[in-house]
Amino acid sequence: MTQKLTPEAAAFRKPEHEVLPLFLNRWSPRSFQDKPVPDELVLQAFEAARWAPSSGNGQPWRYVIARTQEDREKFLTFVNESNVEWCRKAPVLAVVFAGQVTPHGNVNRWGGFDAGASWGYLALHATELGLHAHAMGGFDKEKAKATLQAPDDYEAMAVIALGYRGDKDQLSERNREREQPSSRKPLADTLFEGAFGRSVQ
């Protein structure tokens, strides 16, 4: 496992409490190399996603991936143009879907939550493998669902770009300026004790 912070993470991310470097090293670049990812590494990343926790162990996530030029071009038809600008070079694209109905036929209120946990596992393990993953919400959900022939009871949650980090100089000026790890809100803004808004003592 990676034991050290990358120089970029160290420069832009300052944890308030000790955490594994992996959590700080993971971020979402937009610059990708047009370089294939070995099949085994792709499968390892999605194997990690498979082991995420879920409500009742329902595992409602489903992934559809694109690795051939033909499939990737198909995916780009439902991605917003501002994202196509940078994600077209990623050698792997994926859509994560969340099941909206439980195995018992009830509405699955937790499907999106569980799919998010699965994506988080994927993103962290991709970082450990020397890859980067960037999830985006800027896409046409209904077109993605129709294009990929998803069942009616599944919702498209995000498009994911996966691959090796590229040179930021290939990005537009706007995206070059954003090509760095982001910070986070103070823990006190997101963690409360006893009631919402009550500081942890």
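Bear in mind that the values here come from a model prediction, so they are computed numbers and not experimental data.
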Partner residues of Asp169 under the salt bridge (charged side-chain N to carboxylate O under 4.0 Å, His left out) criterion, sequence neighbours left out
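Here no residue qualifies.
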Return the set of residues passing salt bridge (charged side-chain N to carboxylate O under 4.0 Å, His left out) with Glu8 (not counting sequence neighbours), or none when no residue passes.
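Result, salt bridge (charged side-chain N to carboxylate O under 4.0 Å, His left out) vs Glu8: Arg165.
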Polar side chain donor-acceptor pair, [X] to [Y], under 3.5 angstrom:
{"X": "Ser199", "Y": "Glu193", "value": "no"}
{"X": "Gln180", "Y": "Lys168", "value": "no"}
{"X": "Arg26", "Y": "Ser28", "value": "yes"}
{"X": "Asn57", "Y": "Gln59", "value": "yes"}
{"X": "Glu179", "Y": "Ser31", "value": "no"}

Is the distance from the ring center of Tyr164 to that of Phe32 below 6.0 Å?
no
With sequence neighbours excluded, residues passing side chain to side chain donor-acceptor pair (under 3.5 Å) with Gln69
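Residues passing side chain to side chain donor-acceptor pair (under 3.5 Å) with Gln69: Glu73.
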Which residues pass the side chain to side chain donor-acceptor pair (under 3.5 Å) test with Arg72, not counting sequence neighbours?
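Partners of Arg72 under the side chain to side chain donor-acceptor pair (under 3.5 Å) test: none.
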For the CG atom of Asp167 and the CD atom of Gln33, what is their distance to the nearest 0.5 Å?
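Output value for this atom pair is 9.0 Å.
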Any chance you could measure Asn108, atom CG, to Thr102, atom OG1, to the nearest 0.5 Å?
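Going from the CG atom of Asn108 to the OG1 atom of Thr102 covers 6.5 Å.
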Taking only residues two or more places apart in sequence or in another chain, which ones pass side-chain contact (heavy atoms from CB on, under 4.5 Å) with Thr68?
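Thr68 satisfies side-chain contact (heavy atoms from CB on, under 4.5 Å) with Glu70, Asp71 once adjacent residues are dropped.
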Mind checking whether Val107 and Val101 have side chains closer than 4.5 Å, heavy atoms only?
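Answer no - side chains too far apart.
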Ignoring hydrogens and angles, write down the donor-acceptor pairs under 3.5 Å from the side chains of residues 76-84, residues two or more places apart or on other chains.
residue: Thr77; atom: OG1; partner: Lys74; partner atom: O; Å: 2.5
residue: Asn83; atom: OD1; partner: Trp86; partner atom: NE1; Å: 3.3
residue: Asn83; atom: ND2; partner: Gly138; partner atom: O; Å: 3.2

